[in-house]
Structure formats: C-alpha cells, structure tokens
2 protein chains.
Amino acid sequence: MRSASAVFAEFGYSGGSLRAIAASVGVSPATLIQYFGSKEGLLEAVLEAWTEQTHELYARDLQGLPYFRALAELMTFHVNHRGLIELFLTMAAEASSPVHPARAFVQRRYGQTFEEFSRHLRETRDHGETALTEREIATEVHMLIAAMDGLELQWLIDPAFDLRGLFEVYLDQAITRWTAPRGS
Amino acid sequence: MRSASAVFAEFGYSGGSLRAIAASVGVSPATLIQYFGSKEGLLEAVLEAWTEQTHELYARDLQGLPYFRALAELMTFHVNHRGLIELFLTMAAEASSPVHPARAFVQRRYGQTFEEFSRHLRETRDHGETALTEREIATEVHMLIAAMDGLELQWLIDPAFDLRGLFEVYLDQAITRWTAPRGS
DNA sequence: GTCTATAACCGGATAGAC
DNA sequence: GTCTATCCGGTTATAGAC
C-alpha cells in the first residue's frame, strides 16, 4: 500500500502503472487486480489509506489557537514523510480535470479541511481571543490552506526549500492578524 | 498549439495522449510527430508558448509596489484564461518527479519568478517605501508565490472560488506588512 | 492466494502513399 | 505536408494453472 502511494505520488495516476506498483510491492500486476478489482479501485484504497494516516496526525485534542500552532509541527512531519504531500498535491492538480477519478476525493478533502479550520477559528473567537467575522474567517482559512499548499509545492520542486520555517512565518503573521486589535 | 496546451493542462503530460491532441487539433498523430519530433518535443513547444504568453502579461513598465498591485489584474486575466494556470500547476505537481520532462522548466520558472519579485521588492525598499532586509524579502516573495499558487489550486478544484478577491486580500495584507513601520 | 499466460487495447513512433 | 497503415511496446484486465 505504501508502495502504491509512492508510485502514484511520483508519477500521478495516469503515469503510475500497475506494473510499476506491482514491481515495487514485489507481486504481479494480476495480484493487485485480484485485491482491488481495478486500477481505480487501487487508487481509492490508496486515498483511503492516505486519509487514515493524516487523520491520525490531525486528531489531537487541541482546540483554537493551539490547534493552529500545532500545524507547524505537522509540517515537520510532512517534511519527513514527503509522500503524503506529494500524493495529495499531485492528485489535486491532476484532479483539475472533471473526469479524474480522484476529483471527488480532492473536493471532499478541501471541504473538510476548510470546515475543520473554520471550526477552530470560530472556537478562538468564542473564547474572546479574536473578533473575526464569519466572512473574515472564511477568507483567513482559504488563505491558510493556500499558504500550506503553495509552500509545499515549492518544497516539492526544491527539496532545499525551508518549508517549516516559512510556514511558521506565515502562521505567526496570521495569528497576529487574528488576535491584534481591529484596525480601521 | 492552444489545443495541445489544453489537453496537457487537463490530463497532464502522461495522461494527455498524442491521439487526443491530434483529434483536438484536427490532424493525425503522425502530423504532430512530423512537426515536433516526439511527444516531449511537443511539450517543449507548449511550454515555450506558455512562457511567451505569460511574458506578454508580465512585461509592463511598472516597478516596485505598482508592479505588485498589478498582479491582482493578472489574476483576473488568469480567471478568464484558465488553461494557463491549469497547465502550469499540473506540470508543477507532476514535475515533483525528478524524471519528468517539464521539471527543469518548472524549476527555472520558479527561479525567474522569485528573482523578478525580489527585484521589485528591493526597488520598493530603495525608494524608501519599505525597510525589508534581504532575508525578509526572500521570505515575503516565497510566501507571495505560495499564496498565488495555493489560491489558484483551490480555484481549479472549485470554479466558484473567488480567486481575484482572495488574492487581493492577501496582497493588501502583504503590502501593509511591507510598508508598515517596523514592529518589535 | 499468487502466479503465468494471454487477451484486448492504447500508447508513441515509423514508413510510405498521395 | 498530411494522411493511412502499421509496428511494437506498454497498459489494464482476465483465465486458468499451481
């Protein structure tokens, strides 16, 4: 399963052949089909495994601002498990095509992340630490997700990129913005 | 040429077949090979055309802050010419693989954008409008590129996404940060 | 359960007709 | 110049042996 993820992550869904995956796993392509029914079935299994892996990481008991601060640690984990990001971003870009088998997954994933981030930001507001409107929350969450994806993308292209450090800068600026007294 | 770009943009390099491109253009696959030598040759031509198209847009006489403010208009153009972004982001994500034929192009492109943005931000500093250190400039440029790519990615997944509006928010915050008196 | 063998098809690329 | 026809390797998927 980890092998399949790695191949899809590196070559995309179109570019990642069952043969390559089978060879990487150490079985025959036929065996993969037996297990997963089809290439698309294998992709679904890979995406499901991806979701489980990332859920373990996100599933913390943190709420509000501490939750966001913990995202920086998540980045460090990502740097040490490159495949997770590589898989998601490759699928996300490939899935700009409406017929891509991972499109629904990517859309769902973005929706869930948006909701989760929004919930924690509302939590922050309800505790009186911020005074953001609903609209501002939506804006900030979209920008936070964009910063994460965009920095990750630059890191994929250039492994020397300081992903954690730059994300921490963004995060600090964002939290400052959220908690600072309202400007005009 | 525009047809080929559209196919590569939608299906990626692996997923975009010569047959599909040829059908889209209205010629035979053999004709494409005659012109471009190989599929990879065709991709190079597509990327070159992409560079020319975007260069026309960036090539303004604006310097410093007005240059950055003009990026918002660029976003509007992108919204109306989805293929440009779709092609670049699809290639960028696919090119996380070291053997991808577009990898060098994507790396070069990121480098050029980084240098161009940095130059304009230095310009801003030299005019006394900002007081950013070299390191801060590099950080801000990386974050600006990340915001652009990340927001564009969300827009590709969800066409209803307000790309221009959200980017303007980011841009305003960034310019405020650059021009505000130094905090502690 | 996993493999080998193979079917059925699609990929890029070539040869040669027009 | 562009097409048709074709080659050949790769792709997914199936059938049946072990």
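We name chains A, B, ... by the order of the sequence lines, and we start the count at 1 in each one. Model, not experiment: these values are computed from the prediction.
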(request) Send over the distance from A/L32 CG to C/dC3 C1', rounded to a whole Å. (result) 12 Å
(message) Suppose we screen for ring pair (Phe, Tyr, Trp, His ring centres under 6.0 Å). Which residues come up paired with B/F68, at least two apart in sequence or across chains?
(response) B/F117, B/W178
(request) Could you tell me which residues satisfy ring pair (Phe, Tyr, Trp, His ring centres under 6.0 Å) with A/F11, sequence neighbours excluded, listed by chain and number? (result) none
(message) Applying ring pair (Phe, Tyr, Trp, His ring centres under 6.0 Å), can you list everything that pairs with A/H81, at least two apart in sequence or on another chain?
(response) A/F77
(request) Check the distance between D/dT12's P and A/L43's CG and give it to me in whole angstrom. (result) 12 Å
(request) Please list, chain by chain and in numerical order, all residues satisfying salt bridge (charged side-chain N to carboxylate O under 4.0 Å, His left out) with A/R125, sequence neighbours excluded. (result) A/E134
(request) Return the residues of residues 95-106 of chain B meeting this criterion: a heavy atom under 4.0 Å from some atom of DNA chain D. Order them by number, or give none. (result) none
(request) Identify, with sequence neighbours excluded, every residue that meets salt bridge (charged side-chain N to carboxylate O under 4.0 Å, His left out) alongside A/E140. (result) A/R177
(request) State the dot-bracket string of DNA chain D. Criteria: Watson-Crick or G-U wobble, both atom distances under 3.5 angstrom; notation: ( ) intrastrand, [ ] crossing earlier pairs, | interstrand, . unpaired. (result) |||||||.||||||||||
(message) Going by the rule salt bridge (charged side-chain N to carboxylate O under 4.0 Å, His left out), which residues pair with A/R103 if we only count those two or more places apart in sequence or in a different chain?
(response) none
(request) Please identify each residue that fulfils ring pair (Phe, Tyr, Trp, His ring centres under 6.0 Å) with B/H78, with sequence neighbours left out. (result) none
(request) Would you mind reporting whether B/W155 and B/L89 have side-chain heavy atoms less than 4.5 Å apart? (result) no
For residues 15-27 of chain B, please give each side-chain donor-acceptor pair under 3.5 Å, one per line with the distance, not counting sequence neighbours.
{"residue": "B/S17", "atom": "OG", "partner": "B/A20", "partner atom": "N", "Å": "3.0"}
{"residue": "B/S24", "atom": "OG", "partner": "B/S3", "partner atom": "OG", "Å": "3.4"}

(message) Using the salt bridge (charged side-chain N to carboxylate O under 4.0 Å, His left out) criterion, which residues pair with B/R69? Sequence neighbours excluded.
(response) none
(request) Let me have a per-nucleotide readout for nucleotides 4-18 of chain C, 5' to 3', with B, S or -, counting only protein heavy atoms under 4.0 Å. (result) B------BBSBB---
